[in-house]
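See structure below.
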Amino acid sequence: MKETQDLFPTRLERKLGMFERIDPVVHSEGKQRKGPLSEAELDEFERKGFLSFEGFFNEDEMAAFLDELADYENDDDLKLSEGTILEPSKQEIRSIFGIHEVSERFSRLTRDPRLLAMVQQILGGDAYIHQSRINYKPGFKGKGFDWHSDFETWHSEDGMPRMRSVSCSIILTENGEFNGPLMLVPGSHNYFVPCVGRTPENNYKESLKSQEIGVPDDASLRELMLKGDIEAPKGPVGSLVMFECNTMHGSNINMSCWPRSNLFFVYNSVENTLHDPYCGNRPRPEFLANRKDWSALKPLK
């Protein structure tokens, strides 16, 4: 499907200044706003672009997921899969994409009614999974993720037309001060930052290891950080961070001995399905951008 007008031009030959958001942050209105998130929490999400919940799932609930996680780290066949991204050393896993299609247990978690109700409340209706992944950071060796807006990539390389998606990050191993927790810039979701540089074909093969295209410029980042500062929600296994698709985020390398693994489910509104990539390239693979099933997720009974 082709979009006639690109409302968020990026990957340009020359720098453009960032411009203010044109889409709502919370898409539900009136009675539709009623749900598990309070008005105060919705206001915080609108203001900051994210919410955090310490111990959202208890450790007993997460035990089976942690056992499965340990199996993946020792699965040589999985390491050969295209959806598995290795660290530059080629030994440790950096990311596993499409985890909800690899595992029935993780697939069921995408439909957990506690998660799905909050997602629907923010997006103003039904959603599907655009992308899922586990990001690993082994002790001493886990590399960081540069500052970026997910929407900038999903718009340019996947054809996501508008800002109407949300990520749920579930902490699988405790996130502390020293093992590279997720960092976010409060309020940054209110500005779209165009990036410089044409997107090479198959850019994902390099960008998933070390991102160079789609990285915002230092001046824009400085302005956003001076306005909003930086926050790094931390917590035990089962904690949850929900963040808006355009919120600027990144993470440092893991210099500690403690591994850090986070699970990400990206929910996109069924009214915001993908067009052709706005960068003009071929669509990225299904494990990065779901194009085969845009049906609304139904909560587990």
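None of these values were measured; they are calculated from a predicted model.
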(request) Kindly give the heavy-atom pair with the smallest separation between Gly125 and Gln32, and that separation in Å. (result) N-NE2, 4.2 Å
(message) If I compare all heavy atoms of Lys234 with all of Glu54, which pair ends up nearest, and what's the gap?
(response) O-OE1, 4.2 Å
(message) If we count only N and O atoms by modelled type, under 3.5 Å, do the side chains of Ser149 and Asn246 hold a donor and an acceptor together?
(response) yes
(message) Does this structure show an ion pair linking Arg105 with Glu68, if we count only N-O contacts that are shorter than 4.0 Å?
(response) yes
(message) Would you say that Phe57 contacts Arg114 through its side chain, given a criterion of any heavy-atom pair below 4.5 Å between the two side chains?
(response) yes
(request) Kindly indicate, with the supporting measurements, whether the criterion side-chain contact (heavy atoms from CB on, under 4.5 Å) is fulfilled by Asn254 and Lys141. (result) CA-CA 6 Å; Asn254 184 0; Lys141 298 176 182 179; over 6 Å; no
(request) Decide, yes or no, whether a salt bridge links Arg164 with Asp23 under the criterion of side-chain N to carboxylate O below 4.0 Å. (result) no
(request) Answer yes or no on whether Arg111 is positioned over the face of Phe265, meaning its NZ or CZ is under 6.0 Å from the six-membered ring centre and within 45° of the axis. (result) no
(message) Using side-chain contact (heavy atoms from CB on, under 4.5 Å), reason through Phe243 and Ser169 one step at a time and then give a plain yes or no.
(response) CA-CA 8 Å; Phe243 59 101; Ser169 173; 4.3 Å; yes
(message) Regarding Lys227 and Glu223, does a basic nitrogen lie under 4.0 Å from an acidic carboxylate oxygen?
(response) yes
(request) Any pair with a residue in residues 166-193 that passes salt bridge (charged side-chain N to carboxylate O under 4.0 Å, His left out), sequence neighbours left out, goes on the list, sorted by first then second residue, please. (result) none
(request) Return the orientation label for the Tyr278 and His155 ring planes: parallel under 30°, perpendicular over 60°, tilted otherwise. (result) parallel
(message) With no hydrogens and no angle check, just 3.5 Å: does a side-chain donor-acceptor pair link Asn290 and Gln131?
(response) no
(message) Between Arg21 and Glu244, does any NZ, NE, NH1 or NH2 come within less than 4.0 Å of an OD or OE carboxylate oxygen?
(response) yes
(message) Within this structure, what is the CH2-SG distance for the pair Trp154 and Cys245, rounded to the nearest 0.5 Å?
(response) 6.5 Å
(message) Side chains of Ser95 and Asn135: any donor to acceptor distance under 3.5 Å?
(response) yes
(request) Please determine, by modelled atom types, if Asn268 and Tyr128 share a side-chain donor-acceptor pair under 3.5 angstrom. (result) yes
